[in-house]
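Accompanying notes for the structure given below.
Atom set for the values below is all heavy atoms of this structure, side chains included, hydrogens, waters and symmetry mates excluded.
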Amino acid sequence: MAQSSPYDFDIYQPRNPKASAYYKCVENHFEELEQVWDDMYKSRYGYWRTYVMTVIYKYLDCGDLHFGFARVRCEDCGHTLKGRN
């Protein structure tokens with residue numbers, strides 16, 4: 001017996017990364033982490049690397065369709081790949 005799904009896989013279902021607890025934690029606390037890094041973590045983990053901010057901002061932007069979206073579909077088999085620009 002086939003299981004039913006609440007999703008129609010033929011229609012794009014956007015995810016909502018902002019609803020996750022991890023996203024909310026990063027969004028709410030990464031600037032605070034940057035501010036206390038030198039005092040609390042530098043001696044153990046080294047200096048705050050500038051690329052960390054780039055990675056964090058890319059993570060926070062991921063899933064936001066305002067920043068681009070791509071969808072590729074194979075004409076032979078119908079397989080679809082979705083991705084952000």
Side-chain angles (χ1 to χ4, degrees):
M1 176 182 259
Q3 270 188 323
S4 64
S5 171
Y7 299 104
D8 181 351
F9 291 106
D10 291 333
I11 298 173
Y12 173 66
Q13 303 285 328
R15 62 189 185 88
N16 185 8
K18 294 180 180 183
S20 77
Y22 181 74
Y23 183 96
K24 289 175 185 176
C25 180
V26 171
E27 182 179 44
N28 293 331
H29 300 290
F30 83 93
E31 288 175 341
E32 179 185 348
L33 176 63
E34 180 188 21
Q35 292 172 358
V36 300
W37 184 268
D38 285 347
D39 293 335
M40 296 183 71
Y41 304 107
K42 184 178 178 181
S43 63
R44 184 168 182 177
Y45 299 107
Y47 65 93
W48 182 266
R49 290 159 183 82
T50 56
Y51 74 86
V52 171
M53 294 304 287
T54 303
V55 172
I56 294 295
Y57 283 122
K58 283 185 177 186
Y59 168 74
L60 293 174
D61 290 344
C62 185
D64 187 338
L65 297 180
H66 292 98
F67 295 106
F69 179 83
R71 184 173 188 174
V72 180
R73 183 173 186 268
C74 175
E75 291 181 12
D76 294 333
C77 71
H79 181 76
T80 302
L81 295 174
K82 298 172 227 168
R84 192 182 149 295
N85 211 8

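- How far CD of Q35 is from NE2 of H29: 12.5 Å, rounded to the nearest 0.5 Å.
- Atom CD of E34 and atom OG1 of T50 lie 10.5 Å apart (nearest 0.5 Å).
- In terms of the ring pair (Phe, Tyr, Trp, His ring centres under 6.0 Å) criterion, residue partners of W37 (sequence neighbours excluded) are, by chain and number, Y41, W48.
- Partners of Y59 according to the ring pair (Phe, Tyr, Trp, His ring centres under 6.0 Å) rule, which considers only residues two or more places apart in sequence or in another chain, are Y22, Y23.
- Closest heavy-atom contact between P17 and C62: CG-O, 3.5 Å.
- The side chain to side chain contact (heavy atoms under 4.5 Å, CB included) search around R49 returns Y47, Y51, V52, not counting sequence neighbours.
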